[in-house]
Colleague: 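First the structure, then my questions, so here it is.
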Amino acid sequence: MSGAPALAHTRAELAALLAPARAAGERVGFVPTMGALHEGHASLMRTARERVGDGPVVASVFVNPLQFGEGEDLDRYPRTLDADLEICAREGVDVVFAPSVEEMYPGWPERRQPQITLDPGPLAGILEGRSRPGHFRGMLVVVAKLLGLVRPDVAVFGQKDYQQLVLVRQLVADLCLGVEIVGAETVREPDGLALSSRNRFLDADQRAEAVQLHRALREAQENAGYGVDVALDAARTELRLGKSVDVDYLVVTTPELTELPADVPPGTEARILVAARLGSTRLIDNMPLVLGTAEGNH
Ligand code: PAF
């Protein structure tokens, strides 16, 4: 599929554009984004395309104010719709939904929250949620609304925002939203830095040091056979090499983000997650680990 995607700014336009595909019983794929698209988003679009074949792929471009806290980067978050549309065209996206804030939140700005909102539960209070209170509630509200508007068969989220992915899966399961959620692999720069719309805020020195996040996670992966403590120590050593890397958290959890039991059998799957500030830019990354399979101990 090629050519420019159809652009919908309103819910009515979106519904009209999707009506023929729905009538024909085609599968609909969805990639929600906040724009400032890069190769990471492009790979989500390709995953959506693989999942729906000839059915329409919809991408949304909406910087959701509800998921930004006081003093976060809502105002400086890049808004690059023209460039975004080019990437969508290149990736064969059929429909781009780019609503205004008022379209998504009728009554805005006087009424900042919908009257009915979501309680994201305990998982939203840890890791990212601890540093960014309200972030996951705002994210889940907009994802629920977007899923309601697009009504996709499959929606694709990046594994880079791992806690978001886990929470979206929980949202869909707990509220029986009936959409398949696919977590797509993180796309990285050649040196390993995870692609992020926020990387553009790094100066040259910060960019050079940002790779320590990836190196730290790789070190942890390589040492995971010796157990959680050794893996974490190896990661910390790498992170210390980044002089301007100010670590917010570095943790190993279960893949569901719950606490690991003290003694895990060899072969236990886990996840290592890191968040760090470089100057005023906050970066996150994560990787899977397989714990305790190495011979002997360090
Ligand atoms: O990951 C993002 O870009 C956003 O959190 C999302 C899922 C589009 C919701 O605003």
Side-chain angles (χ1 to χ4, degrees), residues 8 11 14 29-45 47-48 57-69 72-81 83-84 87-88 91 93 95-101 103-105 108 112-114 117-118 120 123-124 127-129 131-150 152 154-172 175 177 179-187 194-201 273 275 281-286:
R11 293 179 282 178
L14 177 69
F30 180 41
V31 179
T33 83
M34 297 206 299
L37 302 182
H38 49 64
E39 260 316 295
H41 298 105
S43 94
L44 304 184
M45 292 166 186
T47 302
V57 171
V58 181
S60 60
V61 172
F62 178 64
V63 181
N64 172 34
L66 287 198
Q67 68 188 74
F68 288 77
E72 286 192 348
D73 56 357
L74 173 62
D75 292 336
R76 78 165 182 164
Y77 202 85
R79 286 152 173 93
T80 57
L81 186 59
D84 294 345
I87 292 184
C88 291
E91 296 304 332
V93 168
V95 177
V96 172
F97 179 47
S100 65
V101 179
E103 184 69 15
M104 284 304 284
Y105 299 112
W108 187 272
R112 290 186 65 83
Q113 293 273 351
T117 178
L118 287 163
L123 213 53
L127 306 173
E128 286 305 284
S131 308
R132 307 184 63 190
H135 167 68
F136 285 123
R137 176 193 297 262
M139 180 279 291
L140 289 172
V141 166
V142 86
V143 168
K145 289 180 77 130
L146 289 167
L147 292 178
L149 290 168
V150 178
V154 50
V156 186
F157 291 78
Q159 289 183 15
K160 203 205 66 143
D161 293 300
Y162 190 77
Q163 194 173 3
Q164 165 171 289
L165 174 63
V166 172
L167 277 158
V168 168
R169 285 193 200 284
Q170 197 72 51
L171 167 80
V172 167
L175 300 187
L177 298 185
V179 48
E180 184 193 352
I181 301 297
V182 174
E185 289 268 330
T186 303
V187 180
L195 294 196
S196 162
S197 306
R198 292 187 167 99
N199 290 352
R200 67 186 72 192
F201 298 134
L273 303 102
T281 304
R282 194 164 177 285
L283 299 181
I284 57 174
D285 202 351
N286 68 87

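As the structure lists them, so they are numbered: ligands from 1, and atoms in each ligand from 1.
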Colleague: Judged by atom type as modelled, is there a donor-acceptor pair below 3.5 Å linking the side chain of H135 to the main-chain atoms of Q67?
Modeller: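 Checking the backbone N and O of Q67 against the side chain of H135, a donor-acceptor pair under 3.5 Å is found.
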Colleague: Which ligand 1 atoms are under 4.0 Å away from a heavy-atom of T33?
Modeller: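 Near T33, meaning under 4.0 Å from one of its heavy atoms, ligand 1 has 8 (C).
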Colleague: Nearest 0.5 Å please: distance from the CZ atom of F62 over to the CE atom of M34.
Modeller: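 It is 10.0 Å, given to the nearest 0.5 Å.
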Colleague: Could you tell me which atoms of ligand 1, counted from 1 in the order shown, lie closer than 4.0 angstrom to a heavy atom of V142?
Modeller: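 With V142 as reference, the close atoms of ligand 1 come out as 9 (C), 10 (O).
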Colleague: Would one find more than 12 heavy atoms of other residues, nucleotides or ligands at under 6.0 Å from atom CD of E185?
Modeller: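 No, CD of E185 has 12 or fewer neighbouring heavy atoms, counting only those of other groups under 6.0 Å.
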Colleague: How far is atom 10 (O) of ligand 1 from the closest protein heavy atom, and which atom is that?
Modeller: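 Protein heavy atom with the smallest distance to atom 10 (O) of ligand 1: Q67 OE1, 2.7 Å.
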Colleague: Output yes when R79 and D84 qualify as a salt bridge under the 4.0 Å nitrogen-oxygen rule, no when they do not.
Modeller: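 No salt bridge links R79 with D84.
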Colleague: For atom 1 (O) of ligand 1, what is the closest protein heavy atom, and at what distance to 0.1 Å?
Modeller: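 Result for atom 1 (O) of ligand 1: Q164 NE2, 2.8 Å.
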Colleague: Output the list of atoms in ligand 1 that are nearer than 4.0 Å to some heavy atom of M139, sorted by atom number.
Modeller: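 Those atoms are 5 (O).
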Colleague: Is it the side chain, the backbone, both or neither of M34 that has a heavy atom closer than 4.0 Å to ligand 1?
Modeller: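 Both backbone and side chain.
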Colleague: Look at R282 together with E128 and state whether they make a salt bridge at an N to O cut-off of under 4.0 Å.
Modeller: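 Judged by the 4.0 Å cut-off on N to carboxylate O distance, R282 and E128 do form a salt bridge.
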